[in-house]
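Down below is the structure, laid out as structure tokens.
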Amino acid sequence: MKTSIRALAKQHGFMLCTFCKPVIDAQNQVALDTWIEAKMYGEMDYMAEEVRTFRRKNPAHMLEGIQTVISLAMPYTPAFPHQARPEQGVIASYAHGDDYHEVMKKRLKALARDLDVLMGEHGQRVYVDTAPVLEHALAASGGLAWQGKHSLSIHREHGSWLMLAELFTTANLSPDAPASQHCGTCTACLDDCPTGAIVAPYVVDARLCISYLTIECKGFIPLELRSKMGNRIFGCDDCQLVCPWSQGVEPPENDLLKPREHTLLPNLAKLLRLDDAAFRAMFRKSPVKRTGRAGLLRNVCVAMGNSGHLDFVPDLLAVLDDESALIRGHAVWALAELAHDDGLVAEKVGLLKKKEENVQVLAEIAYFRGKYEH
Ligand code: SF4
Ligand code: SF4
């Protein structure tokens with residue numbers, strides 16, 4: 001039966017498929033509690049909700065009569081952001097193609113229908129990313145991949161370039177052997193994280209992580225972290241790129257998340273000129289749409305501020321009257337980094353100050369003035 005399920009999973013694009021009991025071991029439960037107690041979830045308050053935490057620790061409560069968790073993985077193609085020029089932004093590899101939520105959910109549902117045919121109708125639930133499921137712990141429990149010190153799942157052949165999904169089922173299938181750990185004494189991901197977000201092996205403080213800052217964080221990005229973000233405008237792959245297990249990995253044969261040309265290394269100035277309609281058109285069906293226009297353009301401003309590229313100044317000045325305070329504020333910061341000693345730029349920022357009402361933008365203007373007058 002498991003062989004047939006694996007074959008079906010493969011037909012639907014899930015190249016890896018393993019089986020485990022719906023149980024989270026004590027070590028992972030304690031790690032979750034410690035992470036929540038330290039408030040490392042940042043603005044993602046839902047992560048600390050009691051009911052969600054309980055479900056994370058007790059997957060058996062997610063489906064009545066559950067017997068087995070089937071962990072599934074879809075490999076994707078890593079990108080090579082080190083080729084980026086100063087005028088280009090970097091988007092995390094998983095987000096270069098169609099939105100994995102949509103691609104995988106559709107295929108999971110089709111797989112669940114096929115399993116009903118194979119095993120007779122039975123209880124099933126499918127999950128991709130958004131549900132309270134400790135997917136990396138379950139994947140390790142069934143031997144799909146081990147959890148690396150950067151907290152992501154690593155497979156010997158595909159590295160950590162994997163999107164995970166789960167199918168909870170009432171079918172009683174024998175569990176596979178758990179994965180063994182192969183990080184050894186390596187600490188490359190901890191050493192190379194630009195913001196020091198991997199505060200200990202297996203512990204990522206989301207509040208410092210560029211993935212969180214560029215996607216989940218909805219407000220103003222903490223000032224002290226902006227310069228460490230470089231030109232990353234949606235997510236971050238650095239801890240994966242330095243991992244010895246994730247290098248030299250072949251692109252998957254049938255890449256269902258295959259990259260779109262225009263998201264590979266997008267021109268920052270072109271992105272900053274996007275209005276709402278153009279943003280929606282460009283990122284239709286892409287995970288990048290999740291930030292909304294204001295969130296992405298905020299990140300673009302930060303990347304411009306870090307670029308040392310003076311050609312961006314006119315584009316930044318042009319968004320000083322944008323309706324989004326997030327964009328206005330981060331544009332002022334970028335101007336402070338690039339051109340705080342330019343009298344004309346200071347004049348434009350001064351004009352903004354006269355009409356600005358948002359206190360956070362006013363704080364950014366004060367930061368600019370501080371640098372200008374220094
Ligand atoms: S995604 Fe980037 S910022 Fe986050 S832990 Fe990895 S290297 Fe650090
Ligand atoms: S970089 Fe090293 S420590 Fe980090 S996940 Fe990879 S093998 Fe493990």
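Read the numbers this way: they start at 1 and go in the same order the structure lists the ligands and their atoms. The residues of the chain are indexed from 1 along the displayed sequence.
Listed by number with element, the atoms of ligand 2 under 4.0 Å from a non-hydrogen atom of K149 are 3 (S), 5 (S), 8 (Fe). Less than 4.0 angstrom separates some heavy atom of W245 from each of these atoms of ligand 2: 7 (S). Remark: ligand 1 atoms within the under-4.0 Å shell around heavy atoms of T195 are 3 (S). Taking every non-hydrogen atom of I154 and a distance limit under 4.0 Å, the qualifying atoms of ligand 2 come out as 5 (S). Heavy-atom contacts of C189 reach the following atoms of ligand 2: 1 (S), 3 (S), 4 (Fe), 5 (S) (cutoff under 4.0 Å). Interface of I210 with ligand 1, defined as ligand atoms under 4.0 Å from a residue heavy atom, comprises 3 (S), 4 (Fe).
For the residue pair Q67 / T170, no side-chain donor-acceptor distance below 3.5 Å is found, with atom types taken as modelled. A donor-acceptor contact under 3.5 angstrom links the side chains of H12 and D114, judged on distance only. In this model, a donor atom of one side chain and an acceptor atom of the other lie less than 3.5 Å apart for H182 and S180. For the residue pair K149 and T187, no side-chain donor N or O sits within less than 3.5 Å of a side-chain acceptor on the partner.
Taking the six-membered ring for Trp and thresholds of 30 and 60 degrees, H61 and F54 have ring planes more than 60 degrees apart, a perpendicular arrangement.
The protein non-hydrogen atom at the shortest distance from atom 2 (Fe) of ligand 1 is C236 SG, 2.3 Å.
Taking CZ of R284 as the reference point, atom CZ of R260 lies at 8.5 Å (rounded to 0.5 Å).
Residue C209 counts as close to atom 4 (Fe) of ligand 1, with an N, O or S atom under 2.8 Å. At a cut-off of 2.8 Å, C193 coordinates atom 8 (Fe) of ligand 1 through an N, O or S atom.
Electrostatic pairing of E216 and R290 counts as a salt bridge here, judged by a charged N lying under 4.0 Å from a carboxylate O.
For atom 6 (Fe) of ligand 1, the candidate residues are C239, P194, A206, C243; the nearest heavy-atom contact is made by C239.
No chain of hydrophobic side-chain contacts below 4.5 Å, direct or via other Ile, Leu, Val, Met, Phe, Trp or Tyr residues, connects L213 to I198.
The closest approach between I198 and ligand 2 stays at or above 4.0 Å for every heavy atom of the residue.
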